[in-house]
Visitor: 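Got a structure here, written out as structure tokens. Questions coming.
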Amino acid sequence: MTARTSSRKDAGTGRTSKPAAGVLRDPMPQPSPEETSATSVATDTFLQDLDRGLNAQIATLTGGLSPTALTQAWADWAMHLALSPGKQMQLGAKAARKAQRYAAWLTSCALRTEQTAPCITPLPQDRRFADPAWNAWPYNAMAQGFLLTQQWWHNATTGVRGVTPQHERVVEFTARQILDTWSPSNFAWTNPEVVQRTLQSGGLNLVRGWNNLMADTLRTIRGEKPAGAENYRVGENLAVTPGKVVLRNRLIELIQYAPATDKVRPEPILIVPAWIMKYYILDLSPHNSLVRYLTGQGFTVFMISWKNPDAGDRDLGMEDYRKLGVMAALDAVQSITGAPNVHAIGYCLGGTLLSIAAAAMARDGDDRLATMTLLAAQTDFTEAGELKLFINEDQIAFLEDMMWEKGYLETRQMAGAFQMLRSNDLIWSRILRHYLMGEPPRMNDLMAWNADATRMPYRMHSEYLRKLYLNNDLAEGRYLVEGRPVALRDIRVPILMVGTESDHVAPWRSVYKMHLQADTEITFILTNGGHNAGIVSEPGHPRRHYRIRRQTESDQYLDPDRWLAETPEREGSWWPELVTWLAAHSGTPVAPPPMGNAEYPAMEDAPGRYVMLR
């Protein structure tokens, strides 16, 4: 066989060279650029999916918390504490003083027959040791020792120079969560209330508690709602205000509620609820339905009911929620009522989305909004409460990997995050009542609604966390709508805002920051209660109070602490204030509009189909 030869030009010289004799020089087939690119993309995709899959598996064990983020926070604290001998000596001195005080208190308890004043008192919101039984020996010693230990750990995890503020908050929060696990109130033999109940019932409370635990475990395995929730059914005794679905697209149903008066205000109300939970938080039972209250006061009310997203909705983003949600609903409201202006009300995340839509409308010269009401809704996320503790690049990437496989954030993961923020109230108190005291399950309409959770689509949740919580783009003028930034200061319509005193999701001081952003009249209401109970605060609800103050665009800024000190407290519900404010910005009552029209026909009775999706 004769070897074939070929010649080539040496690179850089241009001279032709020949291969050595007897050597085959058939060139190896080379992949085309397209084939190389496709192979590289496929390899990269496989490796990325491998990383995502691993993180998703880890997330099932950590409840969605990134172990890397927690490790970084604790390492930051530990290394800086190790290099702070002054802080260490200070902590040693504090420990010695607390031990001395505790010993003196124990000695006083032993020598006196009457009750000795405690050496440390719990925080006002800590009700674990409120029962008088905790004043008896040895339970008072356990409680006092625990509170002193908790106080020392707070001192140890805060005030270490060089630790980043977020890492400090994470370490303090997680240390508190770990300590709360070992509170003497959580164990049958160290809780005097449980001991008394056990002696009185002959141990039947523990038997009932065991049965409750087994029943709850089976419900969790089966994916069922908590015990008692079956007594609250949407469309039967929840969300029963009469109305019609007049619009349905891939993301929302729009409900138009039937008029309850002969005449209504010419400006309809469009309510934009959060899609973290079902919309009927504002249409619970007939006695505490904000929708029913507003229709009874002579307003035409429309409400968005968000679809519970599934894997097919993974690519729906914040812009889809704005267009298919707020803007599509606004078009339908105007078409049906013929009103040139609309009162818009946004709750929680729905209020944030409404603010984005209102800023974009103001930028583009769209003046269809008459007023804007924000209920427990944030527009600045620099002080967004303990929920922001775990919002950093590492944690968000971990959540994205967790959502990647299914295309959404599961309901139990969202619910678990909120429970962790109030573990004493939502986790440990339940264990005490339900499993140790053996009490039957408690359920009301608000708790049943809270158990009716929703999923969060992959893209929307990622954008929401990154653009708002992590980067604070909306407050700082970087949030883009249709490729251009929006500014809250462009909003000129009157604004009413409601914050709640005990809100762990949208702290009222964070909600209050709208005073620094919008250049318009703002009426701010601060009511007692939490994120949900403070909003669902119907007239006649016991132990309710609020504060209200109006500030025009020409008034000087009041910081939240000064606002609180200078604004008097009023008894009762804040709902009548909302009606008074809306009426002041509305026209003379007219005949009610039709229920739907040719463009947006009434399709079926409220509450519609989307709220039923599980």
Side-chain angles (χ1 to χ4, degrees), residues 58 62-63 65-110 116-126 128-129 134 138-187 190 382-395 398 420-424 427-428 470 504 507 509:
I58 295 174
T62 64
L65 291 178
S66 168
T68 306
L70 290 175
T71 302
Q72 288 174 343
W74 279 93
D76 187 9
W77 169 79
M79 288 189 291
H80 281 92
L81 182 61
L83 298 175
S84 302
K87 178 70 174 179
Q88 295 175 33
M89 289 187 286
Q90 183 185 52
L91 291 174
K94 283 181 179 291
R97 287 196 299 271
K98 291 182 187 301
Q100 183 181 18
R101 183 169 46 157
Y102 186 53
W105 179 81
L106 289 175
T107 303
S108 177
C109 290
T116 303
C119 61
I120 184 173
T121 57
L123 296 172
Q125 66 270 22
D126 188 351
R128 289 174 291 184
F129 311 113
W134 285 99
Y139 306 108
N140 54 355
M142 297 178 191
Q144 292 290 287
F146 172 79
L147 291 174
L148 287 169
T149 303
Q150 190 177 52
Q151 187 183 64
W152 185 88
W153 270 102
H154 173 77
N155 295 328
T157 54
T158 59
V160 180
R161 284 180 57 82
V163 179
T164 65
Q166 188 194 30
H167 284 166
E168 180 181 270
R169 292 192 294 269
V170 169
V171 170
E172 192 276 334
F173 176 82
T174 52
R176 176 160 35 95
Q177 297 294 316
I178 294 171
L179 284 172
D180 285 344
T181 303
W182 298 102
S183 169
S185 61
N186 297 336
F187 302 95
T190 58
T382 53
E383 298 180 64
E386 290 183 330
L387 192 61
K388 194 179 178 182
L389 288 177
F390 303 98
I391 302 300
N392 54 37
E393 182 62 39
D394 182 273
Q395 180 63 53
F398 193 72
M420 185 175 62
L421 298 182
R422 297 179 57 199
S423 59
N424 281 336
I427 298 177
W428 300 119
L470 184 62
H504 289 72
R509 285 177 172 81

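Being a predicted model, the structure only gives us computed values, none of them experimental. The figures here come from the full heavy-atom set of this structure, side chains too, leaving out hydrogens, waters and symmetry mates.
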Visitor: Using side-chain heavy atoms (C-beta onward) and a distance below 4.5 Å, is Leu106 in contact with Gln144?
Guide: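 With C-beta onward as the side chain, the pair stays apart.
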Visitor: What pair of heavy atoms forms the shortest contact from Glu383 to Pro507, and how long is it?
Guide: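 Shortest heavy-atom contact: O-CG, 4.1 Å.
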Visitor: Would you confirm whether Asp76, through its side chain, and Val163, through its main-chain N or O, come within 3.5 Å as a donor-acceptor pair?
Guide: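 Answer holds: no.
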Visitor: Checking the side chain of Trp134 only, and the main-chain atoms of Met142 only, is there a donor and an acceptor separated by less than 3.5 Å?
Guide: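 Checking the backbone N and O of Met142 against the side chain of Trp134, no donor-acceptor pair under 3.5 Å is found.
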Visitor: Relative to each other, are the rings of Trp182 and Phe187 parallel, tilted or perpendicular (30° and 60° limits)?
Guide: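 The arrangement is parallel - the two ring planes meet at less than 30°.
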Visitor: When rounded to the nearest 0.5 angstrom, what is the spacing between NZ in Lys94 and NZ in Lys87?
Guide: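 Result: 7.0 Å between the selected atoms.
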Visitor: If we only count heavy atoms from C-beta on, is the Leu91 to Leu81 side-chain gap below 4.5 Å?
Guide: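 Yes - at least one pair of side-chain heavy atoms lies under 4.5 Å apart.
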Visitor: Search all heavy atoms of Asp180 against all heavy atoms of Phe146 and return the closest pair with its distance.
Guide: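 Nearest pair, atom of Asp180 first, then Phe146: OD1-CZ, 4.1 Å.
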Visitor: For residues Ala143 and Phe129, report the shortest heavy-atom separation together with the two atoms involved.
Guide: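 For Ala143 versus Phe129, the nearest heavy atoms are CB-CD2, 3.8 Å.
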Visitor: Give the intermediate values and the outcome of side-chain contact (heavy atoms from CB on, under 4.5 Å) for residues Ile178 and Trp153.
Guide: CA-CA 11 Å; Ile178 294 171; Trp153 270 102; over 6 Å; no
Visitor: Can you tell me if Thr181 uses its side chain to pair, donor with acceptor, with the backbone of Gln177 under 3.5 Å?
Guide: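 Yes; at least one donor-acceptor contact below 3.5 Å.
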Visitor: Answer yes or no: is there a donor N or O on one side and an acceptor on the other, between the side chain of Ser108 and the main chain of Ala104, under 3.5 Å?
Guide: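 Not a single qualifying donor-acceptor pair exists.
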Visitor: Which atom names give the shortest non-hydrogen contact between Asn155 and Lys98, and what distance separates them?
Guide: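 Taking every non-hydrogen atom into account, ND2-CE, 4.0 Å.
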Visitor: Test Arg161 against His80 for side-chain contact (heavy atoms from CB on, under 4.5 Å), laying out the working first.
Guide: CA-CA 7 Å; Arg161 284 180 57 82; His80 281 92; over 6 Å; no
Visitor: Between atom OG1 of Thr68 and atom CG of Asp394, what is the distance when rounded to the nearest 0.5 Å?
Guide: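 Taking OG1 in Thr68 and CG in Asp394, the distance rounds to 5.0 Å.
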Visitor: Nearest 0.5 Å, what's the CG-CZ distance between Asn392 and Phe398?
Guide: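 Rounded to the nearest 0.5 Å, the CG-CZ separation comes to 12.0 Å.
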Visitor: Starting from the C-alpha separation in whole Å, work towards a yes-or-no answer on side-chain contact (heavy atoms from CB on, under 4.5 Å) for Val160 and Glu168.
Guide: CA-CA 8 Å; Val160 180; Glu168 180 181 270; 5.5 Å; no
Visitor: Drop me the distance from Gln150's CD to Asp126's CG, to the nearest 0.5 angstrom.
Guide: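 So the gap between those two atoms works out to 6.5 Å.
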Visitor: Any heavy-atom pair between the side chains of Pro122 and Arg128 that's under 4.5 Å?
Guide: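 Heavy-atom side-chain distance check fails, nothing below 4.5 Å.
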Visitor: Ignoring hydrogens and angles, tell me if any N or O in the side chain of Thr164 forms a donor-acceptor pair with the backbone of His167 under 3.5 Å.
Guide: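 Here the side-chain-to-backbone pair exists.
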Visitor: For Trp105 and Tyr102, take the angle between the two ring planes, folded into 0 to 90°, and tell me which bin it lands in: parallel under 30, tilted 30 to 60, perpendicular over 60.
Guide: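 The rings of Trp105 and Tyr102 lie parallel, inter-plane angle below 30°.
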Visitor: Ignoring hydrogens and geometry, is there a side-chain-to-backbone donor-acceptor pair from Gln166 to Ile391 under 3.5 Å?
Guide: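 Yes; at least one donor-acceptor contact below 3.5 Å.
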Visitor: Return yes if some donor-acceptor pair links the side-chain N/O of Glu172 with the main-chain N/O of Thr157 below 3.5 Å, else return no.
Guide: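 Absent.
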Visitor: Shortest non-hydrogen contact from Thr190 to Pro184?
Guide: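 Where Thr190 meets Pro184 most closely, the heavy atoms are OG1-O, 2.6 Å.
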Visitor: Of all the heavy-atom pairs spanning Cys119 and Leu148, show the shortest one and how long it is.
Guide: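 Between these two residues, the closest heavy atoms are SG-CD1, 4.0 Å.
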